[in-house]
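Numbering starts at 1 and runs along the sequence shown.
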Amino acid sequence: MAAPMELFCWSGGWGLPSVDLDSLAVLTYARFTGAPLKVHKITNPWRSPSGTLPALRTSHGEVISVPHKIITHLRKEKYNADYDLSARQGADTLAFMSLLEEKLLPVLIHTFWIDAKNYVEVTRKWYAEAMPFPLNFFLPGRMQRQYMERLQLLCGEHSPQDDGRGLRLYQEARECLTLLSQRLGSQKFFFGDAPASLDAFVFSYLALLQQAKLPSGKLQAHLRGLHNLCAYCTHILSLYFPWEGAEAPPPRQTPANPESEEEPHRRRNQILTVLAGLAAMAGYALLSGIVSIQRAPSARAPGTQALGMAEEDEEE
């Protein structure tokens with residue numbers, strides 16, 4: 001008998017089953033199709049078989065870590081939310097997916113990861129509180145840099161932080177939301193009464209923007225004025241995730257049985273986590289001058305030390 005497929009994804013918060021855009025899209029698609037997945041909601045990407053989230057371990061042991069490839073694999077396994085779509089609806093799906101990535105994704109990345117107030121008070125706060133020590137000291141900052149690089153790839157040479165470029169991107173994102181609202185109309189889903197892959201991606205974009213309590217929420221205010229899109233997100237949450245999502249990060253718990261089948265490599269990962277964290281903090285201390293190493297004289301008075309250390313709080 002083949003092993004069950006396993007999905008590793010970021011845990012939930014803000015009233016959502018996952019706080020990560022890609023994880024939320026894959027989770028939602030799996031719920032739409034009823035794919036039999038063993039879901040691991042975690043806050044340590046090093047516990048994923050690929051070291052990234054989301055990741056799918058197939059019934060044959062293959063590991064897939066790109067959201068679109070995960071959904072493609074589920075389709076191959078006969079869990080296809082687009083099976084009944086016409087050729088025109090399939091073309092519309094591709095067009096709207098391109099629109100989301102070009103117009104909405106850059107502003108979402110900017111909203112959660114670049115905007116200083118949102119990043120410090122919402123995004124970094126959640127990840128730092130949810131992640132185990134010492135990952136919470138350095139991993140949120142590394143993730144922010146990765147999103148900055150992703151944003152630069154999406155936007156080219158001009159950053160959304162430039163006033164003119166930023167205003168134009170936010171205007172295009174508002175127009176994209178308005179277009180989605182007009183296309184949805186009074187329907188339950190974008191292609192009628194049954195959800196498709198487009199719904200999984202649109203929901204993941206909109207639900208994050210709708211649910212997070214953002215201190216700087218220019219695009220969020222526009223979304224909340226589009227009542228059919230807000231009702232659409234609420235409907236999907238209540239129908240497919242009625243018992244999931246939490247306002248606070250999940251507690252950091254240690255399983256009662258360290259040798260449980262769900263965490264066969266837990267001890268190894270804990271050791272690697274601690275060593276990596278200590279190395280990162282030691283490197284930071286040396287580079288910033290917190291720790292200095294001095295050559296000891298041939299004769300020294302009792303009580304003097306060759307190694308002097310000053311402590312201060314590390315800031316991301």
Side-chain angles (χ1 to χ4, degrees), residues 6-32 35 37-57 63-71 74 97 100-101 104-115 118-132 135-136 138-151 153-154 197 199-214 219-220 233 236-237 240-241 244-250 252 316:
E6 296 180 83
L7 178 65
F8 297 79
C9 61
W10 282 103
S11 292
W14 310 332
L16 297 171
S18 177
V19 300
D20 173 66
L21 180 67
D22 293 335
S23 294
L24 186 55
V26 173
L27 267 175
T28 305
Y29 183 88
R31 284 294 175 90
F32 285 170
L37 298 178
K38 184 177 183 180
V39 178
H40 304 272
K41 293 186 179 182
I42 56 180
T43 56
N44 180 355
W46 292 2
R47 284 179 53 198
S48 159
S50 66
T52 59
L53 297 171
L56 178 74
R57 180 185 284 137
V63 176
I64 306 171
S65 56
V66 179
H68 286 280
K69 291 183 178 179
I70 292 175
I71 289 177
L74 293 178
M97 290 293 297
L100 290 173
E101 186 167 327
L104 202 51
L105 181 57
V107 176
L108 276 183
I109 292 176
H110 185 271
T111 297
F112 284 92
W113 291 96
I114 313 300
D115 183 287
N118 290 340
Y119 173 69
V120 171
E121 297 184 22
V122 179
T123 310
R124 187 186 183 282
K125 182 177 185 292
W126 188 92
Y127 282 94
E129 291 178 356
M131 287 178 178
L135 288 183
N136 54 352
F138 63 89
L139 198 51
R142 181 187 295 178
M143 292 171 67
Q144 185 190 41
R145 291 189 291 274
Q146 291 172 343
Y147 274 105
M148 286 180 176
E149 294 172 0
R150 187 175 179 183
L151 185 60
L153 289 174
L154 290 169
S197 62
D199 293 285
F201 284 96
V202 172
F203 168 74
S204 64
Y205 280 72
L206 301 187
L208 280 173
L209 192 59
Q210 180 187 27
Q211 294 291 112
K213 296 178 180 179
L214 300 172
L219 190 61
Q220 186 181 65
C233 292
I236 291 177
L237 273 174
Y240 292 97
F241 303 100
E244 301 187 47
E247 290 298 325
R252 301 173 197 163
E316 288 290 342

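- Atom CG of Leu24 is separated from atom CZ of Phe241 by 6.5 Å, given to the nearest 0.5 angstrom.
- A salt bridge (charged side-chain N to carboxylate O under 4.0 Å, His left out) check over residues 199-210, counting only residues at least two apart or in different chains, returns nothing.
- Between Val19 and Gly13, the closest heavy-atom pair is CG1-N, 3.4 Å.
- The shortest heavy-atom contact between Pro140 and Ala128 is CG-N, 4.3 Å.
- Applying the side-chain contact (heavy atoms from CB on, under 4.5 Å) criterion to Ser50, with sequence neighbours excluded, gives Ser48, Thr52, Ala55, Val63, Ser65.
- Nearest heavy-atom pair, Ala212 versus Trp14, reported as atom, atom and distance to 0.1 Å: CB-CE3, 4.0 Å.
- The distance from the OG atom of Ser18 to the CG atom of Leu208 is 7.5 Å, given to the nearest 0.5 Å.
- In this structure, CG in Leu53 is found 4.5 Å from CD1 in Ile42, a value given to the nearest 0.5 Å.
- Using a 4.5 Å heavy-atom threshold, the side chains of Met148 and Ile114 count as touching.
- Residue pairs meeting the salt bridge (charged side-chain N to carboxylate O under 4.0 Å, His left out) criterion with at least one partner in residues 13-28, sequence neighbours excluded, are Asp22-Arg150.
- Atom-to-atom distance recorded for Tyr205:OH and Glu101:CD is 6.0 Å, nearest 0.5 angstrom.
- Residues Ala200 and Thr28 approach most closely at CA-CG2, 3.9 Å, considering heavy atoms.
- Residues Thr43 and Pro132 come closest through the heavy atom pair O-CD, 3.8 Å.
- Checked against a 6.0 Å centroid threshold, the rings of Trp126 and Phe112 do not count as neighbours.
- Shown here are the side-chain contact (heavy atoms from CB on, under 4.5 Å) partners of Glu6, two or more places apart in sequence or in another chain: Phe8, Lys38, His40, Arg57.
- Residues satisfying the side-chain contact (heavy atoms from CB on, under 4.5 Å) test with Ser197, not counting sequence neighbours, are Tyr29, Arg75, Asp82, Thr93.
- Atoms CZ and CG, from Phe203 and Leu16 in turn, are 6.0 Å apart once rounded to the nearest 0.5 Å.
- The shortest distance between side-chain heavy atoms of Ile71 and Phe201 falls below 4.5 Å.
- When all heavy atoms of Pro17 and Leu237 are compared, the closest pair comes out as CD-CD2, 3.9 Å.
- Looking only at side-chain heavy atoms (C-beta outward), Val26 and Leu56 stay at 4.5 Å or farther from each other.
- Rounding to the nearest 0.5 Å places CH2 of Trp113 at 3.5 Å from CE of Met143.
- Residues satisfying the side-chain contact (heavy atoms from CB on, under 4.5 Å) test with Gln220, not counting sequence neighbours, are Leu209, Leu214, Arg224.
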Chi angles and distances behind the salt bridge (charged side-chain N to carboxylate O under 4.0 Å, His left out) call for Lys125, Glu129: CA-CA 6 Å; Lys125 182 177 185 292; Glu129 291 178 356; 3.2 Å; yes

